[in-house]
4 protein chains.
Amino acid sequence: MERTGPGDCRGATGRPRCPGKEAAILAAALTLLSEQGFVRMTLDGVARAAGVSKATIHLRFRTKTELAAAALRTLRPCSVPPETGDVRADLAAQLADFADTLARTSGMVLVGTCLAEEAHTPELLELLREHAVEPRRAAVRRLLDRARAQGLLRPEADLDASASALLGAFYADHLAGRATDEGWADRTVSAVLGALSP
Amino acid sequence: MERTGPGDCRGATGRPRCPGKEAAILAAALTLLSEQGFVRMTLDGVARAAGVSKATIHLRFRTKTELAAAALRTLRPCSVPPETGDVRADLAAQLADFADTLARTSGMVLVGTCLAEEAHTPELLELLREHAVEPRRAAVRRLLDRARAQGLLRPEADLDASASALLGAFYADHLAGRATDEGWADRTVSAVLGALSP
Amino acid sequence: MERTGPGDCRGATGRPRCPGKEAAILAAALTLLSEQGFVRMTLDGVARAAGVSKATIHLRFRTKTELAAAALRTLRPCSVPPETGDVRADLAAQLADFADTLARTSGMVLVGTCLAEEAHTPELLELLREHAVEPRRAAVRRLLDRARAQGLLRPEADLDASASALLGAFYADHLAGRATDEGWADRTVSAVLGALSP
Amino acid sequence: MERTGPGDCRGATGRPRCPGKEAAILAAALTLLSEQGFVRMTLDGVARAAGVSKATIHLRFRTKTELAAAALRTLRPCSVPPETGDVRADLAAQLADFADTLARTSGMVLVGTCLAEEAHTPELLELLREHAVEPRRAAVRRLLDRARAQGLLRPEADLDASASALLGAFYADHLAGRATDEGWADRTVSAVLGALSP
DNA sequence: AATGAATGAGATTTCATTCAT
DNA sequence: GATGAATGAAATCTCATTCAT
């Protein structure tokens with residue numbers, strides 16, 4: 001029996017994807033992830049928030065974990081406040097942006113859920129690290145390098161440790177229930193760098 | 001209904017509660033909370049680990065949330081490494097104990113789950129704060145006060161900010177996937193205080 | 001801290017199982033298995049038919065497969081029609097009971113689903129074999145042995161093959177859409193044994 | 001709407017159907033039906049195996065049931081082993097081919113699923129009967145007629161019952177987990193016909 | 001008090017089918 | 001005609017909580 005193989009009838013593209021849908025799903029997922037954490041986020045909730053059906057989500061993301069991972073990958077590297085040349089001010093601006101971003105986006109819930117899932121779903125922490133923690137850290141680290149180059153810091157200073165102290169202060173203050181708004185960035189830069197000057 | 005604390009089995013009439021059970025339940029709950037987070041911790045799991053039935057848990061703790069809260073209340077204030085008089089060394093010892101405790105007890109999962117639940121079950125973060133975060137912070141803060149009294153720090157230094165930087169460095173390093181074992185405490189103390197000296 | 005281990009407070013039996021419930025579940029499962037096959041049988045359906053909640057089923061049977069397996073284990077070995085001494089008549093009675101049982105209980109659907117699941121859930125066929133096929137076959141085989149002992153069959157006859165032919169005729173007739181009621185057993189015995197006589 | 005048979009692509013106006021696809025779909029469907037049964041066979045699976053899209057299947061077969069029915073209609077009547085004149089040998093050859101075909105094609109799963117669906121989708125069993133069971137039975141029956149004509153069987157023998165016994169032995173042996181390969185056909189013919197000789 | 005039984009409310013995932021190019 | 005997208009309707013299984021001894 002002469003049968004033409006499949007393929008010669010192909011070429012059509014099929015129904016095109018409803019354009020905004022993918023973005024809506026990922027945005028909804030990231031929002032709910034940040035508001036409720038990974039386990040409490042439900043596919044039903046994401047579907048409702050995105051205005052699609054659950055099956056449409058599954059069409060793009062095989063599992064809930066994959067969906068959360070994709071949502072984390074949409075995290076944009078931190079905004080880079082314009083650099084003024086005054087490194088100390090730039091550092092404070094960077095920290096202020098960090099604090100503001102975390103506050104505006106329920107970032108600490110997101111951080112918390114990635115930490116809480118470390119044993120069960122380690123991808124989440126890895127992706128958070130790659131897409132949010134590392135970029136921010138790199139920005140801070142770059143400013144510290146510049147500060148040292150300008151002679152504002154001792155040559156032998158451990159800049160990685162300083163970066164950890166600067167950024168970590170936010171986590172510590174949030175956990176302690178201490179204010180992290182007005183003046184927080186300045187106080188933190190002062191405490192960590194104030195006297196690192198030679 | 002006033003709940004009686006653990007061990008107090010003579011409060012009212014009727015058969016007294018089996019005394020060891022309360023402690024076993026709380027220990028199991030704290031362990032599972034630290035290993036799996038609040039939402040993944042199941043009452044079945046706690047019951048199995050504690051060697052009791054689920055109903056026995058509900059007899060003492062009306063809801064899962066109450067159980068988790070009670071478990072957090074059993075957190076003992078941080079051990080206080082003996083103070084040597086060398087304040088810098090004492091600070092490093094405190095930080096090393098902090099890091100070690102968090103590592104040994106899956107502490108970052110516990111921290112994470114309390115953060116993740118902040119919107120849904122804020123008691124958890126409050127209790128963690130009261131029973132773990134604050135005591136540790138107070139210990140660090142006391143040492144910083146002493147350092148200032150000894151003239152090791154500038155009189156006008158913002159010691160709260162310094163405490164946040166010292167403790168927060170751990171969170172930042174954990175999130176960044178950086179090592180926090182050998183030498184971490186020393187490096188951190190150096191970075192934050194090294195130059196605070198007048 | 002002195003804690004008494006779990007165990008010294010034990011001994012109670014807990015709420016007793018609602019007595020008929022287990023049997024109701026298994027009966028419902030066997031019925032639905034026979035009416036709809038394994039895949040179409042739903043736990044919701046079993047729960048409804050048994051008058052229990054789905055979770056109650058899961059309390060006793062961890063998975064749907066385990067439930068179906070347990071249901072198959074409740075299959076009682078075939079009734080043994082009283083033996084008259086007239087071996088030929090006894091054989092016909094056995095076959096008639098076989099046909100009647102299969103007809104009354106949707107037995108062929110059950111056989112079919114076990115066959116259909118052979119690749120996916122081989123336990124089903126194994127259990128059907130053990131609890132229904134083999135007992136019936138053994139009964140037939142015993143009668144054939146007796147017939148040979150009485151000199152009704154040639155000594156060298158392959159009685160296993162004869163048993164397969166006798167019982168298999170039912171399957172073949174059912175598949176062919178041929179009547180298997182009145183007189184079927186007699187006709188079948190005649191066809192297979194009629195001429196085995198020496 | 002009258003469905004056009006496979007290969008008939010010139011029936012109406014509009015773009016003709018890609019000819020090979022119909023056959024590919026039916027072949028895939030028959031394979032999966034035989035491997036997994038009707039309920040477990042998914043249209044996604046058929047589409048993947050056939051190299052077409054699900055919608056293409058629905059274009060030709062309105063429902064899953066129609067697809068399965070069409071697949072069953074492609075079953076070719078059993079091969080007819082060449083007849084040698086030795087009717088007994090021809091019968092054994094026919095049975096051996098029967099057993100071999102069922103073994104090679106997961107035929108018993110197919111038989112099982114048609115039985116299992118009898119209440120829900122009776123078409124399947126009807127079509128299996130028409131396209132597989134009856135042709136095979138007719139071939140056997142023809143040989144039995146010939147045997148009687150040659151005087152090898154008693155004139156009054158019930159040849160339908162004999163055909164059922166011969167073919168049914170396979171089902172019985174498969175269900176009992178007994179071997180049906182080497183020598184099975186010979187043993188079966190001997191058991192059923194051995195002594196039918198006058 | 002302690003237990004095992006029982007349950008209602010959900011969560012993830014699958015699938016046949018329909019839709020829009 | 002062919003395709004990939006989209007969806008509503010389940011199905012299995014889990015879990016916090018309550019019940020009956």
Side-chain angles (χ1 to χ4, degrees), chain A residues 6 9-19 21-22 39-47 52-65 67, chain B residues 9 12 14-19 21 39-47 52-65 67, chain C residues 6 9-19 21-22 39-45 47 52-65 67, chain D residues 9 12 14-18 21 39-47 52-65 67:
Chain A
C9 295
R10 296 294 183 66
T13 327
R15 175 175 175 176
R17 289 205 167 174
C18 211
K21 226 152 245 191
E22 186 127 354
V39 194
R40 283 194 200 279
M41 171 182 89
T42 71
L43 295 181
D44 244 318
V46 175
V52 305
S53 73
K54 269 183 290 182
T56 296
I57 298 178
H58 276 279
L59 198 61
R60 294 163 164 82
F61 310 100
R62 222 159 359 119
T63 64
K64 183 183 173 181
T65 300
L67 169 62
Chain B
C9 285
R15 173 171 165 189
R17 287 193 178 149
C18 190
K21 278 187 176 148
V39 196
R40 284 195 197 280
M41 172 182 86
T42 70
L43 292 185
D44 257 311
V46 175
V52 303
S53 72
K54 265 189 297 184
T56 296
I57 298 178
H58 274 282
L59 211 54
R60 293 165 164 80
F61 309 99
R62 225 168 344 139
T63 65
K64 183 182 173 182
T65 300
L67 169 62
Chain C
C9 294
R10 295 291 182 66
T13 327
R15 174 174 174 176
R17 288 204 168 175
C18 213
K21 226 151 244 190
E22 186 127 354
V39 195
R40 282 194 201 280
M41 172 182 88
T42 71
L43 294 181
D44 243 318
V52 304
S53 73
K54 270 183 290 182
T56 296
I57 298 178
H58 277 281
L59 197 62
R60 294 164 163 79
F61 310 100
R62 221 157 0 119
T63 64
K64 183 183 172 180
T65 300
L67 170 61
Chain D
C9 285
R15 174 172 165 189
R17 288 194 177 148
C18 190
K21 283 192 172 140
V39 195
R40 285 196 197 279
M41 172 183 87
T42 70
L43 292 184
D44 257 311
V46 175
V52 304
S53 73
K54 265 189 297 183
T56 297
I57 298 178
H58 275 282
L59 212 53
R60 293 164 163 81
F61 309 100
R62 224 165 349 134
T63 65
K64 183 182 173 183
T65 300
L67 169 62

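All chains are named by letter (A, B, ...) in the order of the sequence lines, taking the proteins before the strands, and each is independently numbered beginning at 1.
Note on B/K21: a side-chain N or O is less than 4.0 Å away from OP1 or OP2 of E/dT3. Taking 4.0 angstrom as the limit, D/S53 places a side-chain polar atom (N or O) nearer than this to OP1 or OP2 of F/dT3. At least one side-chain nitrogen or oxygen of D/T56 sits closer than 4.0 Å to the OP1 or OP2 atom of F/dT3.
Residue-level contact check: A/R60 touches the backbone only, with heavy atoms under 4.0 Å from sugar-phosphate atoms and none from bases. Across all strands, D/T42 comes closer than 4.0 Å only to sugar-phosphate atoms, never to a base (heavy-atom distances).
Going from atom NZ of C/K64 over to atom C1' of E/dT14 covers 13 Å, rounded to whole Å. Following rounding to the nearest Å, A/R17 (CZ) and F/dT7 (C1') show an atom-to-atom distance of 15 Å. Rounded to an integer number of Å, the gap from CG of D/L59 to P of F/dG1 is 6 Å. Note: CG (B/D44) to P (E/dG4) measures 11 Å, nearest angstrom. Look at CD1 on C/I57: it is 15 Å from C1' on F/dT14, rounded to the nearest Å. Residue B/L67 contributes atom CG, which lies 15 Å from atom P of F/dC15 at whole-angstrom precision. Rounded to an integer number of Å, the gap from CZ of D/R40 to P of F/dA10 is 19 Å. Spacing between atom NE2 of C/H58 and atom C1' of E/dG4 amounts to 18 Å, rounded to whole angstrom units.
For A/R17, the side chain to side chain donor-acceptor pair (under 3.5 Å) partners are A/E22, not counting sequence neighbours. In this structure C/R62 satisfies the salt bridge (charged side-chain N to carboxylate O under 4.0 Å, His left out) test together with C/E66, sequence neighbours excluded. The side chain to side chain donor-acceptor pair (under 3.5 Å) check on A/K64 picks up nothing, with sequence neighbours excluded. Contacts of B/K54 classified as salt bridge (charged side-chain N to carboxylate O under 4.0 Å, His left out), with partners at least two apart in sequence or in another chain: B/D44.
The shortest heavy-atom contact between D/I57 and D/L43 is CD1-O, 3.9 Å. Of all the heavy atoms in A/A47 and A/S53, the pair that sits closest is CB-C, 4.0 Å.
Listed candidates were F/dA6, F/dT3, F/dT12. Nearest to the side chain of D/V52 is F/dT3.
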Please write out the pairs of protein N or O atoms and N or O atoms of nucleotides 19-21 of chain F separated by less than 3.5 Å, giving the distance to one decimal.
unit_1, atom_1, unit_2, atom_2, d
F/dC19, O2, C/R15, NH1, 2.8
F/dA20, O4', C/R15, NE, 3.3

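Counting only Watson-Crick and G-U wobble pairs whose two key distances fall under 3.5 Å, DNA chain F forms stems of three or more stacked pairs at E:2-21 with F:2-21.
Of the two residues near DNA chain F, B/L43 and C/T63, the one whose nearest nucleotide lies more 5' is C/T63.
If you check distances only, the side chain of A/K54 never reaches the base of F/dT7 with a donor-acceptor pair under 3.5 Å.
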